[in-house]
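Structure record follows, encoded as structure tokens.
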Number of protein chains: 2
Amino acid sequence: MSEVSENVGALANSVFANIANKWALLIIETLGTETLRFSQIKARMNGVSHKMLAQTLRNLERDGIVNRTPYATVPPRVDYCLTDAGRELQQTVHGICHWTRSHLDHIEAARQRFDSAGG
Amino acid sequence: MSEVSENVGALANSVFANIANKWALLIIETLGTETLRFSQIKARMNGVSHKMLAQTLRNLERDGIVNRTPYATVPPRVDYCLTDAGRELQQTVHGICHWTRSHLDHIEAARQRFDSAGG
DNA sequence: CTGGATCCGTCAGGATACTG
DNA sequence: CAGTATCCTGACGGATCCAG
């Protein structure tokens, strides 16, 4: 209960903070079961900056969610794909994306209701 | 091909930004199938501030994910629970929380590997 | 092409105080 | 107890340049 649990809590918290953000979830969803290069990922995601993509990709790699494979060619080429753990996570992330898409009208209606109610 | 952030863009993006953050996901997970008061939610969540809880709760309510029920008693009392749509979402969110918990050691190992590799 | 570093503006988010 | 407003700091995130 004392220190061990707190450490686990802190770790879980930092892990959660790493994956519970827009870019991380979108990267995971974008990768899916594919293997993509840096520029391909960037092209498929709307409005992600060079910096944030590199940074988030790096975090995901560090957590063993994304697999990074650099090739010593000229010009350089780096492939990214989900690890086994990453693919497990992708299943649930996909669920969120699916939910978001299929509830867009529901949410838009709820917002209008809320806003016109003087919220 | 139709990614979350392609054509549907603006709305999907704002919806996604609302739920794809640490506090929103943790609130959804904390609520689960229960009905809790403001102070109860705050007590169950680790390190959330009064402000962020109120703010995130408000966003979730606006998007029709959380149901807010105020009672005109003294002292005031407000109950929160997930809506039907919210409970659907909670299923997948729970998947992420479950994944995080069951992969903590995997991730910790991956981090140590990454850090000691001179990352 | 990939990715790190730097500068810099914007805003998330914590602390506090006040209302009902 | 619940919610809002204010202030303020640090982190996020974009643009750009440099390196391999």
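Below, chains carry the letters A, B, ... as their sequence lines are ordered, and counting in each starts from 1. The model shown is predicted, which means the values in this text are computed figures rather than measured ones.
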Can you sort out the partners of Pro75(A) under side-chain contact (heavy atoms from CB on, under 4.5 Å), two or more places apart, ordered by chain and number?
none
Can you pull out the residues from residues 41-56 of chain B that lie within a 4.0 Å heavy-atom distance of DNA chain C?
Ser49(B), Lys51(B), Met52(B)
Considering residues at least two apart in sequence or located in another chain, which fulfil the side chain to side chain donor-acceptor pair (under 3.5 Å) criterion with Asn18(A)?
Asp63(A)
Hits for side-chain contact (heavy atoms from CB on, under 4.5 Å) against Asp79(A), two or more places apart or cross-chain, chain-then-number order -> Thr35(A), Arg37(A), Thr69(A), Tyr71(A), Arg77(A)
Can you run down the salt bridge (Lys or Arg N to Asp or Glu O under 4.0 Å) pairs that involve residues 42-54 of chain B, sequence neighbours left out, and say none if there aren't any?
Glu34(B)-Arg44(B)
End-to-end axis angle, where each axis spans five pairs of the helix from dC1(C)-dG20(D) to dG20(C)-dC1(D), to 10°:
40°
Test item: Thr100(A) side-chain N/O and Phe16(B) main-chain N/O as donor-acceptor pair under 3.5 Å
no
Rounded to whole Å, how long is the line connecting atom CG of Asn59(B) with atom P of dT4(D)?
11 Å
Going 5' to 3' along DNA chain C, between which two nucleotides do contacts with chain B fall, using a heavy-atom cut-off of 4.0 Å?
dG13(C) to dG20(C)
Side chain to side chain donor-acceptor pair (under 3.5 Å) partners for Ser14(A), two or more places apart
Arg111(B)
Does OP1 or OP2 of dG3(D) have a side-chain N or O of Tyr80(B) closer than 4.0 Å?
yes
Could you state the atom-to-atom distance from NZ of Lys22(B) to C1' of dC12(D) in whole Å?
14 Å
Which residues share a side-chain contact (heavy atoms from CB on, under 4.5 Å) with Pro76(A), sequence neighbours left out
none
Donor-acceptor contact present, side-chain Thr56(A) to main-chain Ala24(A), <3.5 Å
no
With Phe38(A), which residues qualify under ring pair (Phe, Tyr, Trp, His ring centres under 6.0 Å), at least two apart?
His50(A)
In chain order, what residues pass the side-chain contact (heavy atoms from CB on, under 4.5 Å) check against Glu108(A), with sequence neighbours excluded?
Gln112(A), Leu11(B)
Tell me which donor-acceptor pairs under 3.5 Å the side chains of residues 86-99 of chain B have, and how far apart each pair is, sequence neighbours excluded?
from     : atom 1 : to        : atom 2 : distance (Å)
Arg87(B) : NH1    : Leu82(B)  : O      : 3.0
Arg87(B) : NH2    : Asp84(B)  : OD1    : 2.9
Glu88(B) : OE1    : His103(A) : NE2    : 3.0
Thr92(B) : OG1    : Leu89(B)  : O      : 2.9
His94(B) : ND1    : Glu29(B)  : OE1    : 3.3
His94(B) : ND1    : Glu29(B)  : OE2    : 3.0
Trp99(B) : NE1    : Ala85(A)  : O      : 3.0
Trp99(B) : NE1    : His103(B) : NE2    : 3.2

For dA2(D) and Arg68(B) - does any side-chain N or O of the residue sit under 4.0 Å from the phosphate oxygens OP1/OP2?
no
Round to a whole Å and report the spacing from CG of Leu36(B) to P of dA2(D).
11 Å
